[in-house]
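Quick note on labels: first sequence line is chain A, next is B, and so on, each numbered from 1. On a predicted model such as this, the values are computed, not experimentally measured, just so you know.
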Amino acid sequence: MKYWLMKSEPDTYSWDDLERAPQQTGSWEGVRNYQARNFMRDEFKIGDQVFFYHSSCAEPAIMGLAEVVREAYPDPTAMDPSSDYYDEKSAKKGNNPWVMVDVKVKKRFTRPITLAEIRGIPDLSELALLRPGQRLSVQPVSHEHAKRLIKQS
DNA sequence: GCCAACGTTGGC
DNA sequence: GCCAACGTTGGC
């Protein structure tokens, strides 16, 4: 079982949105970066645990843990001209290179673990999230880092 | 295949 | 809104 961190802008899709969704399950649509896609397509397995991170907001923070409940399948928003995630080039070529996974709420943290708090924890200094310029929206998290994050929650 | 220009991410 | 970091694009 692997751990991951996935970023979402809460204005677009928040932890609360996931909690309110049917079966507390949501499709992680809109990933348009090949490295992030490859993680989802090649490595995400049912049962993997996902730290849900709020980015580009007043208080960037990990909100809780979700669990992968469906492995990679085509992301239809890439082929949908009315979607914000429409990929015109791929749509015109008629093949969809983009995938998504479904994740389900596992456990909301008793409080958000803020980015500032994470920066203050020496054991987490190597966390990919803290690397300058790290923009990847899907990142692997080591078991050691995952345990430390869960302990912090 | 190089690389400059451009666009996006995301913290501050 | 600023700006650094990085990915993507496109001319050559």
Side-chain angles (χ1 to χ4, degrees), chain A residues 2-21 26-44 48-68 71-103 105-142 144-146 148-153:
Chain A
K2 289 196 169 77
Y3 289 96
W4 305 95
L5 180 143
M6 295 176 96
K7 300 179 184 175
S8 185
E9 299 186 15
D11 288 348
T12 304
Y13 196 81
S14 69
W15 173 269
D16 286 348
D17 292 329
L18 184 63
E19 280 194 342
R20 282 192 293 261
S27 305
W28 207 276
E29 62 189 33
V31 170
R32 296 292 177 268
N33 170 283
Y34 285 104
Q35 210 180 334
R37 179 208 64 181
N38 292 348
F39 280 135
M40 292 199 295
R41 187 189 62 187
D42 304 335
E43 299 195 42
F44 270 56
D48 282 3
Q49 308 287 295
V50 176
F51 292 97
F52 192 124
Y53 178 76
H54 281 177
S55 67
S56 293
C57 55
E59 193 176 69
I62 301 174
M63 304 304 292
L65 259 186
E67 182 168 326
V68 175
E71 292 171 11
Y73 62 105
D75 177 352
T77 63
M79 301 288 111
D80 175 2
S82 69
S83 168
D84 288 343
Y85 303 124
Y86 181 49
D87 175 3
E88 188 179 359
K89 267 191 185 171
S90 296
K92 287 187 169 159
K93 276 191 287 185
N95 72 321
N96 183 359
W98 304 112
V99 300
M100 58 189 187
V101 297
D102 288 357
V103 301
V105 167
K106 172 128 194 235
K107 189 176 194 310
R108 185 190 193 105
F109 290 161
T110 52
R111 61 196 171 77
I113 309 178
T114 65
L115 181 61
E117 185 178 355
I118 295 168
R119 284 192 199 285
I121 301 171
D123 288 345
L124 295 175
S125 62
E126 300 300 314
L127 193 68
L129 182 70
L130 301 185
R131 218 160 27 231
Q134 180 50 270
R135 302 179 309 175
L136 208 54
S137 63
V138 178
Q139 305 176 356
V141 177
S142 73
E144 290 72 24
H145 287 158
R148 188 63 186 82
L149 283 168
I150 290 164
K151 182 180 157 198
Q152 194 70 15
S153 71

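Bounding nucleotides for the chain A contact on DNA chain C, 5' to 3', at a heavy-atom distance below 4.0 Å, are dA5(C) to dG10(C).
A search for salt bridge (Lys or Arg N to Asp or Glu O under 4.0 Å) contacts involving K92(A) returns E88(A), not counting sequence neighbours. The side-chain contact (heavy atoms from CB on, under 4.5 Å) check on E67(A) picks up Q49(A), K106(A), with sequence neighbours excluded. For S14(A), the side-chain contact (heavy atoms from CB on, under 4.5 Å) partners are P10(A), D16(A), D17(A), H54(A), not counting sequence neighbours. By the salt bridge (Lys or Arg N to Asp or Glu O under 4.0 Å) test, R32(A) is found to be paired with D75(A), residues two or more places apart in sequence or in another chain being considered. Shown here are the salt bridge (Lys or Arg N to Asp or Glu O under 4.0 Å) partners of R111(A), two or more places apart in sequence or in another chain: E117(A). In terms of the side-chain contact (heavy atoms from CB on, under 4.5 Å) criterion, residue partners of N96(A) (sequence neighbours excluded) are, by chain and number, P74(A), A78(A), M79(A), W98(A). W4(A) meets the ring-ring contact (aromatic ring centres under 6.0 Å, His included) test with F39(A), F44(A); sequence neighbours excluded. Scanning for salt bridge (Lys or Arg N to Asp or Glu O under 4.0 Å) contacts around E19(A) gives R108(A), with sequence neighbours left out. The side-chain contact (heavy atoms from CB on, under 4.5 Å) search around K107(A) returns none, not counting sequence neighbours.
Shortest non-hydrogen contact noted between M40(A) and V99(A) is CE-O, 3.3 Å.
Note on the helix from dG1(B)-dC12(C) to dC12(B)-dG1(C): terminal axis deviation equals 10°, with five pairs used at each end and the result rounded to 10°.
Both N33(A) and K89(A) sit near DNA chain C, but only N33(A) has its closest nucleotide nearer the 5' end.
DNA chain C is contacted by P132(A), G133(A), R135(A) of residues 119-138 of chain A, taking any non-hydrogen atom closer than 4.0 Å.
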